Number of protein chains: 2
Amino acid sequence: MKNMKRIKCIIAYDGTNFLGYQIQNQGRTVQGELEKVLKRMHKGERIRVYASGRTDTHVHALGQVIHFDSPLDLRVENWQKALNAQLPADISIVDVQFVPDTFHARYSSIGKEYHYRVLLKKERDPFLRNYSYHFPYELNMKAMREGMNYFLGTHNFTSFSSAKSTVENRVRTIERFEVIEKADELVFQIRGNGFLYNMVRIIVGTVLEVGIGKRAPSEIPTILDKKDRKFAGKTVPGCGLYLYQVFYKEDIQNF
Amino acid sequence: MKNMKRIKCIIAYDGTNFLGYQIQNQGRTVQGELEKVLKRMHKGERIRVYASGRTDTHVHALGQVIHFDSPLDLRVENWQKALNAQLPADISIVDVQFVPDTFHARYSSIGKEYHYRVLLKKERDPFLRNYSYHFPYELNMKAMREGMNYFLGTHNFTSFSSAKSTVENRVRTIERFEVIEKADELVFQIRGNGFLYNMVRIIVGTVLEVGIGKRAPSEIPTILDKKDRKFAGKTVPGCGLYLYQVFYKEDIQNF
């Protein structure tokens with residue numbers, strides 16, 4: 001058996017034209033495109049790609065992490081060049097590293113950061129239609145920040161995960177949750193040890209409902225206690241969501 | 001006959017999914033989408049839309065100007081709302097004004113400004129693939145600016161227009177031509193009294209060839225003198241080009 005190397009890549013993609021990250025029988029996926037290129041580079045052999053987690057339809061990534069094993073003898077710069085030369089223009093390899101066999105993009109991950117962009121200006125912007133959720137309403141920033149603080153720490157997030165989710169353990173820890181005010185946009189930045197299905201989108205949807213005065217900030221702990229999806233707010237669209245960074249033990253100094 | 005009003009709109013569009021501005025037998029166009037909405041608003045009657053000029057496949061607009069005549073009795077705010085509510089998300093009505101019958105989006109125009117975005121960073125950016133031309137080469141900014149200065153003033157631009165163009169008078173005046181340096185991008189800004197087919201894209205392509213040292217800045221006047229397309233540089237892709245503003249007499253204070 002050949003000497004296999006484990007390769008870790010940080011990748012970015014524009015989710016607009018993907019049915020999400022994970023390979024499916026039909027439709028264009030990020031994993032599908034990656035494996036297609038790797039298969040070509042390995043003379044028809046399937047090289048399985050593992051990611052830190054899936055992203056949904058239209059969700060973007062600035063710092064998704066994947067790994068795969070290969071017998072090819074290429075230097076990191078050449079892996080990056082070869083992959084970028086063959087991948088479609090909406091996926092880009094940002095960084096390549098050789099890692100020990102014990103590294104796993106999903107199981108070694110100790111946390112993630114997501115960003116969610118909200119476009120506040122009155123008229124929609126044709127250039128941001130796929131990149132920022134248009135929500136042109138007056139928002140009470142103080143109330144939103146008050147509501148956001150209730151998410152910090154360790155909670156059972158059942159109320160803030162898709163009713164379709166089948167994961168047993170719904171307890172997660174949020175380390176940071178902030179909102180940055182830009183000229184016409186808000187950027188929610190949320191960092192935690194893990195996220196359930198639709199969790200960021202339901203949290204942001206609920207916080208926006210606090211912002212427009214539909215809910216009081218103090219309702220958040222009550223919703224958490226209910227452990228039932230139907231008490232939380234709407235799931236905001238995938239197009240505003242960015243997987244910003246995945247954290248691993250070796251990055252702990254940045255965490 | 002009903003009392004007709006002439007309506008001037010400033011519109012923005014993301015050119016990515018359009019086969020250009022002008023209506024065609026097949027394919028999606030900006031004019032086609034505008035006229036489809038106006039027809040619906042006028043009970044099936046065709047309302048013809050006139051623009052300041054065409055834009056090509058994938059070319060964007062931040063300040064394209066159109067006009068049309070309508071018997072409908074709507075206030076400007078309601079024109080904007082009604083059109084934006086029905087137009088697809090990649091076209092947006094930025095401003096609406098009632099204008100005298102003597103106004104014509106094309107014939108009243110006294111000048112235009114185009115911007116051209118060039119992405120310089122080494123790796124391509126999946127989020128800018130449709131919005132900025134990736135040209136990751138070392139550029140001599142001083143030589144480029146020297147070359148750019150030769151375009152200022154009044155010249156016959158035959159060498160810098162598509163060989164397919166059938167316009168007789170190829171004399172145009174360039175009032176301003178600058179390049180702004182951003183973090184990873186250059187933005188060329190060019191303003192003139194009119195532009196021939198592909199003129200901005202051939203000028204920018206030629207200036208980039210000066211930037212990489214393929215041509216000397218002093219070749220520009222020679223190329224202008226030749227009055228032959230084959231002496232100028234490559235036509236850069238449409239995706240980097242933005243129709244930024246159209247000028248009319250009443251805007252002369254901004255010109």
Side-chain angles (χ1 to χ4, degrees), chain A residues 9-18 21 28 30 33-34 55 58-64 76-96 115 117 119 121-134 136 184 237 239-244, chain B residues 9-18 21 28 30 33-34 55 58-64 76-96 115 117 119 121-134 136 184 237 239-244:
Chain A
C9 303
I10 300 177
I11 68 172
Y13 45 86
D14 176 338
T16 307
N17 300 323
F18 289 111
Y21 173 81
R28 193 167 174 265
V30 178
E33 296 295 329
L34 290 165
T55 53
H58 302 156
V59 173
H60 311 291
L62 294 164
Q64 169 71 293
V76 284
E77 316 86 80
N78 292 336
W79 268 113
Q80 187 175 12
K81 271 188 210 153
L83 290 169
N84 275 336
Q86 295 180 71
L87 282 166
D90 47 0
I91 307 179
S92 165
I93 306 289
V94 177
D95 190 59
V96 177
H115 289 183
R117 288 172 63 179
L119 180 65
K121 69 179 177 184
K122 210 180 116 207
E123 299 302 334
R124 68 228 171 112
D125 182 328
F127 295 96
L128 294 179
R129 71 193 190 286
N130 299 319
Y131 305 109
S132 191
Y133 170 45
H134 190 214
D184 289 320
C239 69
L241 186 61
Y242 295 74
L243 173 52
Y244 182 76
Chain B
C9 303
I10 299 177
I11 69 173
Y13 45 86
D14 176 337
T16 307
N17 300 323
F18 289 111
Y21 173 81
R28 193 168 173 264
V30 179
E33 296 296 328
L34 289 165
T55 53
H58 301 158
V59 173
H60 311 291
L62 294 164
Q64 169 69 292
V76 283
E77 315 88 78
N78 293 335
W79 268 114
Q80 187 175 12
K81 270 187 210 156
L83 291 168
N84 275 335
Q86 294 179 71
L87 282 166
D90 47 0
I91 308 178
S92 164
I93 306 289
V94 177
D95 190 58
V96 177
H115 290 184
R117 289 172 63 177
L119 181 65
K121 67 178 179 184
K122 210 180 116 208
E123 299 301 334
R124 67 225 173 114
D125 182 328
F127 295 96
L128 294 179
R129 71 194 190 286
N130 298 318
Y131 304 109
S132 191
Y133 171 45
H134 190 215
D184 289 321
C239 69
L241 186 61
Y242 295 73
L243 173 53
Y244 183 76

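Keep in mind it's a predicted model, so treat the numbers as computed, not measured. In what follows, every chain begins at residue 1, and chains take the letters A, B, ... in the order their sequences are listed.
Proximity to chain A (any heavy atom under 4.5 Å) is shown, for B:L128, by neither the backbone nor the side chain.
Counting heavy-atom pairs closer than 4.5 Å to chain B, the top residue among A:H60, A:K81, A:E123 is A:E123. The residue among B:S92, B:P126, B:P88, B:A12 with the most heavy atom pairs within less than 4.5 Å of chain A is B:P126.
Nearest heavy-atom pair, A:R124 versus B:N84, reported as atom, atom and distance to 0.1 Å: NH2-O, 3.0 Å.
Classified by interplanar angle (parallel below 30°, tilted 30° to 60°, perpendicular above 60°), the ring pair A:F127/B:Y242 is tilted.
The environment of A:Y131 atom OH is dense: over 12 non-hydrogen atoms of other residues, nucleotides or ligands sit within 6.0 angstrom.
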